[in-house]
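The structure appears right after this line, and notes come after that.
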Amino acid sequence: MSRNSHTGEDPREKLHREDEGVESLDNVQEAQQETESQIDEANDMINKELSDIDTLNKQLLEAQAQVEKEKKEYLFLMAEFDNFRKRTVKEKGELIKNASESVLKGLLPIVDDFERGLEACSKADDPAEIRKGMELIYQKLVKYLAQNGVKAIESTGKPFDAELHEAIAMVPVSDESQKGMVIDTPTKGYTLNDKVLRHAKVAVGQ
């Protein structure tokens, strides 16, 4: 076996140590590269998470702005609805008031006719003329009521109807066809736009 003349070292051992040194250096470089790769991956992950956080923050701000906008719109609509409700109540009240005034105003000419009729009665000697004048005023009043939706309920000779009639007496009848029929109407009933304003007081056959 040959040895180095200066050191007495076997050249093969020296070569073996050099190979190990090269291999160790390669391992260090590989480890360094792997570490750098892991660091790059970690940085990429951090950057991605930061980007996601920025996106979520942006979406949150947009959602908050949308909620605030819708809140303002809701409050505006509520205020508008409240104003509409108050205006409607006021208009309805005025409509009812004005309708009542209109109806009452329309009755005044009939009251005038009654006053003239009463004055004429004190001077007239013919009862037929007085009756004729009263009938004219009556017809005028009935016509005015009809124009405002008030109509008399048909009762006498009609079948008793609890929705329209109020029985105040039961009258014995010999004719079977008269049983359950209205025989007499002491007090007329009236409807207002097809709704019962006052039930007719009637006598019913039994």
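The model shown is predicted, which means the values in this text are computed figures rather than measured ones.
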Which atom names give the shortest non-hydrogen contact between Pro109 and Gly106, and what distance separates them? CD-O, 3.2 Å

Should Ile153 and His165 count as side-chain neighbours, where that means a heavy-atom distance under 4.5 Å? yes

Tell me the closest heavy-atom pair linking Leu192 and Asn148, and the distance in Å. CD1-O, 3.4 Å

Between Glu135 and Gln139: side-chain donor-acceptor atoms closer than 3.5 Å: no

Which is it for Val196 and Leu164 under the side chain to side chain contact (heavy atoms under 4.5 Å, CB included) test, yes or no, and what are the steps along the way? CA-CA 7 Å; Val196 174; Leu164 302 174; 3.8 Å; yes

Do other residues, nucleotides or ligands put more than 12 heavy atoms under 6.0 Å from Glu101 CD? yes

Same cluster for Leu145 and Ile110 if Ile/Leu/Val/Met/Phe/Trp/Tyr side chains link at under 4.5 Å? yes

CZ of Phe81 to OH of Tyr74, rounded to nearest 0.5 Å, is 10.5 Å

Spatial distance of atom CG (Asp82) from atom CG (Leu77) [nearest 0.5 Å]: 12.5 Å

For the backbone of Val103 and the side chain of Tyr144, can you confirm whether one donor and one acceptor N or O come within less than 3.5 Å of each other? yes

Heavy-atom side-chain proximity of Glu166 to Lys201 below 4.5 angstrom: yes

CG/Asn43 to CG/Leu50 distance, rounded to the nearest 0.5 angstrom? 10.0 Å

Could you see if Ile53 belongs to whatever hydrophobic cluster contains Leu56? Use Ile, Leu, Val, Met, Phe, Trp, Tyr and a side-chain cutoff under 4.5 Å. no

Do the non-hydrogen side-chain atoms of Gln206 and Val171 ever get within less than 4.5 Å of each other? no

Between atom OG1 of Thr88 and atom CZ of Arg85, what is the distance when rounded to the nearest 0.5 Å? 9.0 Å

Apply side chain to side chain contact (heavy atoms under 4.5 Å, CB included) to the pair Gln64 and Leu61, showing each step before the final yes or no. CA-CA 5 Å; Gln64 289 175 337; Leu61 291 174; 3.7 Å; yes

Are the side chain of Arg198 and the backbone N or O of Lys188 linked by a donor-acceptor pair below 3.5 Å? yes

So if you build clusters from Ile, Leu, Val, Met, Phe, Trp, Tyr with side-chain heavy-atom gaps below 4.5 Å, do Leu104 and Tyr190 land together? yes

Could you walk me through whether Arg87 and Lys90 satisfy the side chain to side chain contact (heavy atoms under 4.5 Å, CB included) test, starting with their C-alpha distance in whole Å, then the side-chain angles of each, then the deciding distance to 0.1 Å, before giving a yes or no? CA-CA 5 Å; Arg87 185 168 61 250; Lys90 181 180 179 181; 5.7 Å; no

Please give me the minimum heavy-atom distance between Gly205 and Val173, naming the atom from each residue. CA-CG1, 4.0 Å

Give, for atom CE of Met134 and atom CG of Asp113, the distance between the pair rounded to the nearest 0.5 Å. 10.5 Å

In terms of heavy-atom contacts, Thr156 and Ile183 come closest through CG2-O, 3.5 Å

Run Glu119 and Arg116 through salt bridge (charged side-chain N to carboxylate O under 4.0 Å, His left out) and show every step you take. CA-CA 5 Å; Glu119 184 178 353; Arg116 284 190 288 267; over 6 Å; no

Taking the side chain as everything from C-beta on, heavy atoms only, tell me whether Pro186 gets closer than 4.5 Å to Asp184. yes

So SG of Cys121 and CD of Glu129: to nearest 0.5 Å the spacing works out to 11.0 Å

Is the side chain of Asn83 donor-acceptor paired with the backbone N or O of Ala79 at a distance under 3.5 Å, no angle test? yes

Side chain to side chain, Glu115 and Leu118, heavy atoms closer than 4.5 Å: no

To check you understand the geometry: which heavy-atom pair defines the closest contact between Ala200 and Ser155, and what is its length? CB-OG, 3.4 Å

Assess the residue pair Leu136 and Lys140 against the criterion (side chain to side chain contact (heavy atoms under 4.5 Å, CB included)); give the C-alpha distance rounded to whole Å, side-chain angles, the decisive distance to 0.1 Å, and a yes or no. CA-CA 6 Å; Leu136 290 174; Lys140 186 175 182 178; over 6 Å; no

Residues Asp54, Lys58; criterion salt bridge (charged side-chain N to carboxylate O under 4.0 Å, His left out); working and verdict: CA-CA 6 Å; Asp54 288 340; Lys58 183 178 179 181; over 6 Å; no

What one should report as the nearest heavy-atom pair of Met181 and Ser177 is CG-O, 3.3 Å

Under a 4.5 Å side-chain heavy-atom rule over Ile, Leu, Val, Met, Phe, Trp and Tyr, are Leu107 and Val150 clustered together? yes

Donor-acceptor pair, Ser51 side chain versus Asn47 backbone, under 3.5 Å? no

Answer with yes or no whether the hydrophobic clustering places Phe160 together with Ile168; edges join I, L, V, M, F, W, Y residues whose side-chain heavy atoms lie under 4.5 Å apart. no

Please step through side chain to side chain donor-acceptor pair (under 3.5 Å) for the pair Gln66 and Glu70, ending with a clear verdict. CA-CA 6 Å; Gln66 183 66 24; Glu70 292 180 356; 3.0 Å; yes

